[in-house]
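Note sheet for the following structure.
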Amino acid sequence: MDVRGDREWARTHIPGSVHIPLAELSARALELPEDRLLIAFCTGGLPSTGAANMLIELGFEAASMSRGLIGWRSIEGPLDTY
């Protein structure tokens, strides 16, 4: 789950990822599946850590993707770029 803002999402994102900006996360939590681990990510990892903690407080199983998209790019993970 990509927790970056709309502009960042529009530029590039991981294919198939769900976009819920951090500022909207608590209001949109009911949209999320409760039967799987949710992986939050952002550009570098700090906002996604907050997102994962928020999800855990809301009763979800969640984690933050270490190093975010910076780490994803370093392993040449696929990206949709516009």
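Just so you know, these numbers come straight off a predicted model, no measurement behind them.
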Measuring from atom CD1 of I14 to atom CG of L69, what distance do you get when rounded to the nearest 0.5 angstrom?
5.0 Å

Should M65 and S48 be marked as a side-chain contact (heavy atoms from CB on, under 4.5 Å) after you check the CA-CA gap, both sets of side-chain angles, and the distance that decides it?
CA-CA 7 Å; M65 186 168 78; S48 62; 5.7 Å; no

Quick one: does S64's side chain have a donor or acceptor within less than 3.5 Å of a partner on A52's backbone?
no

First locate atom CH2 of W72, then atom OG of S17, and finally report the distance between them rounded to the nearest 0.5 Å.
9.0 Å

Euclidean distance, F60 CZ relative to L32 CG, rounded to 0.5 Å:
5.0 Å

Can you tell me how far CD1 of I70 sits from CD1 of I75, rounded to the nearest 0.5 angstrom?
13.5 Å

Tell me, yes or no, whether the heavy-atom count around E34 atom CD, taken from other residues, nucleotides or ligands under 6.0 Å, exceeds 12.
no

Between the CG atom in L22 and the CZ atom in R4, the distance rounded to the nearest 0.5 Å is 12.5 Å

Minimum heavy-atom distance between G45 and C42, given as atom pair plus value
N-SG, 3.1 Å

Cluster question for you: counting only ILVMFWY and a side-chain heavy-atom cut-off of under 4.5 Å, with indirect links fine, are W9 and M1 together?
no

State whether the number of non-hydrogen atoms from other residues, nucleotides or ligands found under 6.0 Å of E31 atom CD is greater than 12.
yes

From R11 atom CZ to D80 atom CG, the distance as rounded to the nearest 0.5 Å:
15.0 Å

Assess the residue pair V3 and F41 against the criterion (side-chain contact (heavy atoms from CB on, under 4.5 Å)); give the C-alpha distance rounded to whole Å, side-chain angles, the decisive distance to 0.1 Å, and a yes or no.
CA-CA 6 Å; V3 298; F41 66 92; over 6 Å; no

Walk me through it: do E57 and L55 pass the test side-chain contact (heavy atoms from CB on, under 4.5 Å)?
CA-CA 5 Å; E57 289 176 13; L55 289 167; over 6 Å; no

Same cluster for L25 and V18 if Ile/Leu/Val/Met/Phe/Trp/Tyr side chains link at under 4.5 Å?
yes

Side chain to side chain, P21 and R28, heavy atoms closer than 4.5 Å
yes

I want to check something: taking the side chain as every heavy atom from C-beta on, are R73 and L79 in contact at a cut-off of under 4.5 Å?
yes

Quick one: does E8's side chain have a donor or acceptor within less than 3.5 Å of a partner on G5's backbone?
yes

